[in-house]
Number of protein chains: 2
Amino acid sequence: MSFSIGEVAKRLGCNVQTLRYYEQIGLVAPAHRTEGGQRRYGQKDLEHLKFIRHSRELGFSLDSIRTLLRLSRHSDEPCQQADALAREQLHQVRSRIARLQALEAELADMVEQCECNVVANCRVIEVLGNHDLCQHGDHHVGAHAVRD
Amino acid sequence: MSFSIGEVAKRLGCNVQTLRYYEQIGLVAPAHRTEGGQRRYGQKDLEHLKFIRHSRELGFSLDSIRTLLRLSRHSDEPCQQADALAREQLHQVRSRIARLQALEAELADMVEQCECNVVANCRVIEVLGNHDLCQHGDHHVGAHAVRD
DNA sequence: CCTTGAACCTACAGTCACTGTAGGTTCTAT
DNA sequence: ATAGAACCTACAGTGACTGTAGGTTCAAGG
C-alpha cells in the first residue's frame, strides 16, 4: 500500500532523482515521510506520478502538465483547455516529424552519394559546407522546433 | 570583404550570442578584431560558420561538428569517419521520427475521441492518467531519443 | 570635428528537464 | 547486532544556446 521512492521509480520507469525533482519544483505535493525522513508514496501519489510520466512521454512540457493536473482535479469544469493543450501538442509533434523528415532526406542523400574515399571528394563534408548542394532546400526553417 | 558579427548573424540566420558562444567554446578560432576590439569576419570565417550552422540544422551535435570540421581540414585523409557520423545522425533522425509518429498516433486518438464536454468525461485527461487506454502501447520506449 | 544612437563588448545568470556527485543517514534482512 | 542497499540533502553539471546589465565603439549626419 505504501511505496519507497525506489519502488515508485522502478514502476514508472524513471529514476529517483526525477521524482524528487518533481516534488522540489512543486509539480506534486511533498510526499509523506517515515519517522526517519524517507518518502513513502500511496496509491493516489502513484496515480498522479503516472499521469505526469505518461504526459512527459507524450512530449508535454512540465508547464503544460501542471495545467493538465489542475484541470484533472476539477472534473466538473469544461475540458476545452485540456483539449487545446493536446491539440497544440499534436501540432508540435507533427511539425517536428515534418522537419525531421526533411533532415532524413538530406542525410540519406549525403550518405548515399558519398564514395567513401578521401575527404577531398567526400560528399558529406561537401554538402555540410555548401547548403546549395542540398536536393531538399527547406530543412533550415525552424531549427529549434524539433525537440521531443 | 570583412563583416561585423551582426552582419554574419543575419546572413546565417542565427543570433550574435551564438557566434560569440562558438568562439568561446573553441569551435571556431577567435575572430580578428578592430582596434576598438570589435570582431571582424573574413570570407573563410564565414565558410566555417556556414558549415557549422548547416550541420546544426541537420541536427549534428557541436561535438560531432568539431570532428567534422577537423576532418574537413585534412582533405587527403579517408572520409570513413565523416561517413560514419552522418550515418549515425541519419539513424538517430529515423529513430526520432518513429517515436514521434507513435506519439502522433496516440495524441490524434485522444483529441479525436474527446467529446469536449467537461473534464469528468474528457478523453484527454483520462488517457493521460491511464496508459492502458492507449491504442498504441509502444510510445513509452526511449523517451529521451526525440530531441532535434 | 562633434554628436547621436545603433551596434558592439564582457561577464554572468537563466533556460529545460533532468542527471550526477559527495557525504552522510535509515531501513531491512540476516 | 550488523552489513550493505537504499535513502537523504545540497549543489554542480548537461547541451546549446538566450537574456541581462553596464559599459564601449562605430558610422553617418550636421
Side-chain angles (χ1 to χ4, degrees), chain A residues 2-28 30-41 45 49 51-69 89 92 96 142-148, chain B residues 2-28 30-41 45 49 51-69 89 92 96 142-148:
Chain A
S2 170
F3 309 99
S4 73
I5 195 167
E7 285 162 352
V8 173
K10 208 170 203 173
R11 270 163 179 264
L12 299 181
C14 67
N15 56 35
V16 298
Q17 292 103 310
T18 302
L19 299 176
R20 289 198 276 250
Y21 172 68
Y22 289 161
E23 186 179 307
Q24 190 196 316
I25 63 168
L27 192 63
V28 294
H32 174 240
R33 301 285 184 126
T34 63
E35 291 209 347
Q38 298 198 356
R39 291 175 184 81
R40 288 296 176 267
Y41 296 84
D45 302 320
L49 288 165
F51 184 103
I52 292 169
R53 289 309 300 167
H54 191 197
S55 303
R56 280 295 298 139
E57 281 161 7
L58 286 169
F60 287 93
S61 70
L62 293 184
D63 227 46
S64 297
I65 294 172
R66 220 182 272 273
T67 304
L68 290 167
L69 280 170
Q89 183 59 26
Q92 278 184 30
R96 283 160 196 171
H144 292 286
V146 201
R147 323 214 148 245
D148 282 278
Chain B
S2 169
F3 309 100
S4 73
I5 196 169
E7 286 162 351
V8 173
K10 208 168 202 176
R11 268 162 181 266
L12 300 181
C14 66
N15 56 35
V16 297
Q17 291 101 310
T18 303
L19 299 176
R20 288 198 277 250
Y21 172 69
Y22 290 161
E23 186 180 307
Q24 189 195 316
I25 63 168
L27 192 62
V28 293
H32 175 239
R33 302 284 185 126
T34 63
E35 290 211 345
Q38 299 198 357
R39 289 173 183 81
R40 287 297 176 268
Y41 296 84
D45 303 319
L49 288 165
F51 184 103
I52 293 169
R53 289 309 301 168
H54 192 199
S55 303
R56 282 295 297 138
E57 280 161 9
L58 287 170
F60 288 93
S61 70
L62 292 184
D63 228 46
S64 296
I65 293 172
R66 221 181 272 273
T67 303
L68 290 168
L69 279 170
Q89 183 59 28
Q92 279 184 30
R96 284 160 196 171
H144 291 287
V146 200
R147 323 219 143 242
D148 283 278

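Chain identifiers are assigned alphabetically (A, B, ...) following the order of the sequence lines, protein sequences preceding nucleic acid strands; residue numbering begins at 1 within each chain. Side chains included, hydrogens not; waters and symmetry mates left out as well; all remaining heavy atoms used.
Side chain of A:Glu23 to backbone of A:Ala31: a donor-acceptor contact under 3.5 angstrom is found. With B:Thr18 contributing its side chain and B:Cys14 its backbone, the two residues share no donor-acceptor pair below 3.5 Å.
Put simply, B:Arg20 has no side-chain N or O that comes within less than 4.0 Å of OP1 or OP2 on D:dG19. An OP1 or OP2 oxygen of D:dC26 is reached within less than 4.0 angstrom by no side-chain nitrogen or oxygen of B:Ser4. At D:dC8, none of the side-chain N or O atoms of A:Arg40 fall inside 4.0 Å of OP1 or OP2 (strictly under the cut-off). The shortest distance between the side-chain N/O atoms of B:Arg33 and the OP1/OP2 oxygens of C:dT10 is below 4.0 Å. Remark: A:Tyr22 is not in phosphate contact with C:dA17, judged by side-chain N or O atoms under 4.0 Å from OP1 or OP2.
With 3.5 Å as the limit, one finds a donor-acceptor pair spanning the side chains of B:Arg96 and B:Gln92. In this structure, a donor-acceptor pair under 3.5 Å is present between the side chains of A:Ser64 and A:Ser61.
Along DNA chain C, the nucleotide nearest A:Thr34 and the nucleotide nearest A:Asn15 are compared for position; the residue whose nucleotide lies closer to the 5' end is A:Asn15. If A:Glu7 and B:Cys14 are placed on DNA chain D by their nearest nucleotide, the residue sitting closer to the 5' end is A:Glu7.
Rounding to whole angstrom units, CG of residue B:Leu19 and P of D:dT18 are separated by 11 Å. Distance NE2 (A:His32) to P (D:dC8): 13 Å, rounded to an integer number of Å. Rounded to an integer number of Å, the gap from CZ of B:Arg66 to P of D:dG15 is 10 Å. The CD atom of A:Glu57 sits 15 Å away from the P atom of C:dA17 (whole-angstrom rounding). Atom P of nucleotide C:dT10 and atom CD of B:Glu23 are separated by 7 Å, given to the nearest angstrom. In this structure, B:Gln24 atom CD and D:dG19 atom P are separated by 16 Å, rounded to whole Å. Atom CD1 in A:Ile52 sits roughly 13 Å away from atom C1' in C:dA17 (whole-Å rounding). Protein atom CZ of B:Arg56 is 5 Å distant from nucleotide atom P of D:dA16, rounded to whole Å.
Checking D:dC8, D:dC26, D:dC17 against the side-chain heavy atoms of A:Ile5 singles out D:dC8 as nearest. The side chain of A:Gln17 sits closest to C:dT21 out of C:dT21, D:dA16, D:dC8. For B:Leu62, taking side-chain heavy atoms from C-beta onward, the closest of the listed nucleotides D:dA16, C:dC18, C:dT19 is D:dA16. The side chain of B:Thr18 sits closest to D:dT18 out of D:dT18, C:dC8, C:dC18. Closest to the side chain of A:Tyr21, from the set C:dC18, D:dC7, D:dC17, is C:dC18. The side chain of A:Arg39 lies closest to D:dC8, out of D:dA27, D:dC17, D:dC8.
Nucleic acid contact for A:Phe60: none, since no nucleic acid atom lies under 4.0 Å from a heavy atom of the residue.
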Intermediate values then yes/no, salt bridge (Lys or Arg N to Asp or Glu O under 4.0 Å), B:Glu35 and B:Arg40: CA-CA 11 Å; B:Glu35 290 211 345; B:Arg40 287 297 176 268; over 6 Å; no

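Counting only heavy atoms from C-beta outward, the side chains of B:Arg39 and B:Phe3 never approach each other to under 4.5 Å.
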